[in-house]
Asks: 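Have a look at the structure that comes next, please.
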2 protein chains.
Amino acid sequence: MPKTLKKSEKIVRAAMELFYKNGFHATGIESILKKAQVSKKTLYSYFESKDALILEALKYRSDQFNGFWDRVRERASEPRDRLLAIFDLQKEWFESDMFYGCLFINAVGEYSRKGNPFKKVSQTVKVDTYENIKGLLEEMSHPDPSFAAEKITLLFEGAIVTAQVSSKSRSANIAKEIVKTILDSDMKAEKHKEIEMEPGLVNEVLS
Amino acid sequence: MPKTLKKSEKIVRAAMELFYKNGFHATGIESILKKAQVSKKTLYSYFESKDALILEALKYRSDQFNGFWDRVRERASEPRDRLLAIFDLQKEWFESDMFYGCLFINAVGEYSRKGNPFKKVSQTVKVDTYENIKGLLEEMSHPDPSFAAEKITLLFEGAIVTAQVSSKSRSANIAKEIVKTILDSDMKAEKHKEIEMEPGLVNEVLS
DNA sequence: GGTCATGTAGACCGATTGGTCTACTTTTAG
DNA sequence: CTAAAAGTAGACCAATCGGTCTACATGACC
């Protein structure tokens, strides 16, 4: 934790890490103060309540997660390779000491009531994940990017939870293998479809 | 909640439902008493602490979940159909009003320290899931039941989390489609392998 | 050097937590 | 009928919670 961080960011960061590691309800304000090395008054000058701080911590994590997609693009140049690189990076995440599952999944676990602001942020993050994956599928001219993105997003989530509960970073490899199978199957099916449709298409153009 | 239930079961059941809906830390003893319509003294005559009650609630849920596999077997007779039926039943679960994600995933989210007894129970349940799926794969003579079971278990988890966070019961259908793709791909690959190997096998037998 | 915002340490508040215990009531069994 | 067992309601306890506020220290700017 760099010393040059702004006070507010130092607090949010400390809060996020504790929420992540110990849960939201279980994390007391006092422990955040200690970790951030900040007084109670300072914390409450930046955040009006614990709930407000939770919200900021989730947003902070959400911003961090955006960096993930940048790294995916750095890791590979072809869309298909990028889709697979997602799971290589995911595995590295699983193996880091800062892995306690997904903060957003954990948040929904503790705040399940619909309409809950924490849940809403979590849903937004998942939509972003879906959109990023769908974007890559469109780039590789996948025949059905929406459906395939749903599949791959589901695999992404499944790998996280499996890694979290069973402490198996291997789940990222499993998910990656399934993605390969899906993409091969989808692209092959499309090729068949194209071949089947070609005569009709040609006829239509000619007529 | 039937009136004929034993006191202790009434308590565990009420506790489980509240833990499930509102989380573990967020659920106070008082609210459990109210829901179970039981006095504090009675509760503490059956369970020595809240933690002990949490453990029993998790075990209770685990037993309930065992019934899931019975229903899978009732739903279909062929192993492959049973594998797919898992996700039909999962969808029904998602659409019931008693769906707040997976209690065990939620538990791990709140109690992440390794060695935690709640986490251990959760891991055991996940192993059971894996074993059940693997069993079905073995029945259908899948070429690699262990690996395929890992894949399908991951899909099972992914569907749960997706349904929980994004409130989409559709995730069960997505997972089911992926399972079909995986099984088709695996069984076809195996057929190829068999064909390729057949001559060698025949030669070996003949020599 | 003085001023003023910004910080710290932590006492304090009411509410709530998990848990104990007393006093009373109901149920059950011989 | 009676007496023990098992129940109830809820007072009570120390600890902790989120949050406020006082008293004091520090550092930047003019």
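Letters go in sequence order (proteins before strands), and every chain restarts at 1.
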Asks: Using whole Å, what does the distance between atom C1' of nucleotide D/dT22 and atom OH of A/Y44 come to?
Replies: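 Whole-Å distance recorded here is 17 Å.
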
Asks: What distance do A/L154 atom CG and B/I178 atom CD1 have between them, rounded to the nearest 0.5 Å?
Replies: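 Interatomic distance, A/L154 CG to B/I178 CD1, rounded to 0.5 Å: 5.5 Å.
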
Asks: Spell out protein contact along nucleotides 3-10 of chain D as letters: B when the base is contacted, S when just the sugar-phosphate is, - when no protein heavy atom is under 4.0 Å; keep the 5' to 3' order.
Replies: ----SBBB

Asks: Report the distance from atom CD of B/E30 to atom C1' of D/dC13, rounded to the nearest whole Å.
Replies: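 After rounding, the gap between these two atoms is 14 Å.
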
Asks: Establish, from distance only, whether the side-chain atoms of A/N132 and A/R82 form a donor-acceptor pair under 3.5 Å.
Replies: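 The criterion, which ignores hydrogens and geometry beyond distance, is not satisfied for A/R82 and A/N132.
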
Asks: Say you draw a straight line from CD1 of B/I86 to OG1 of B/T153; how long is it, rounded to the nearest 0.5 Å?
Replies: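 If I round to the nearest 0.5 Å, the distance is 8.5 Å.
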
Asks: What is the distance, rounded to the nearest whole Å, between atom NZ of B/K6 and atom C1' of C/dT28?
Replies: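 Rounded to whole Å, this separation is 15 Å.
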
Asks: Could you point out which residue of B/Y60, B/Y111, B/F104, B/F24 forms a ring pair (Phe, Tyr, Trp, His ring centres under 6.0 Å) with B/F19?
Replies: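 Single pass found, and it is B/F24.
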
Asks: Which part of the nucleic acid does A/T27 contact within heavy-atom distance under 4.0 Å: base, sugar-phosphate only, or nothing?
Replies: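 Since only primed, P, OP1 and OP2 atoms lie under 4.0 Å of A/T27, the category is sugar-phosphate.
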
Asks: Quick one: A/L53 CG to D/dC17 P, roughly how many Å, whole number?
Replies: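 Roughly 15 Å, once rounded to whole Å.
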
Asks: Figure out the NZ/P separation between A/K50 and D/dG19, and round it to whole Å.
Replies: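 Rounded to whole Å, this separation is 8 Å.
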
Asks: Atom CG of A/L33 to atom P of D/dT16: distance rounded to whole Å?
Replies: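 Rounding to the nearest Å, CG of A/L33 and P of D/dT16 are 16 Å apart.
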
Asks: Measure from NZ on A/K34 to P on D/dG18 and round the result to the nearest Å.
Replies: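 Spelled out: NZ on A/K34 to P on D/dG18 is 15 Å.
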
Asks: May I ask you to decide if B/V108's main-chain N or O and B/S112's side chain share a donor-acceptor pair within less than 3.5 Å?
Replies: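 No, because the side chain of B/S112 does not come within donor-acceptor range (under 3.5 Å) of the backbone of B/V108.
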
Asks: Measure the distance from NE2 on B/H25 to P on D/dG18 and round it to the nearest whole Å.
Replies: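 After rounding, the gap between these two atoms is 12 Å.
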
Asks: Less than 4.0 Å between a side-chain N and a carboxylate O, is that true for A/K151 and A/D186?
Replies: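 The answer is yes: the pair qualifies as a salt bridge.
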
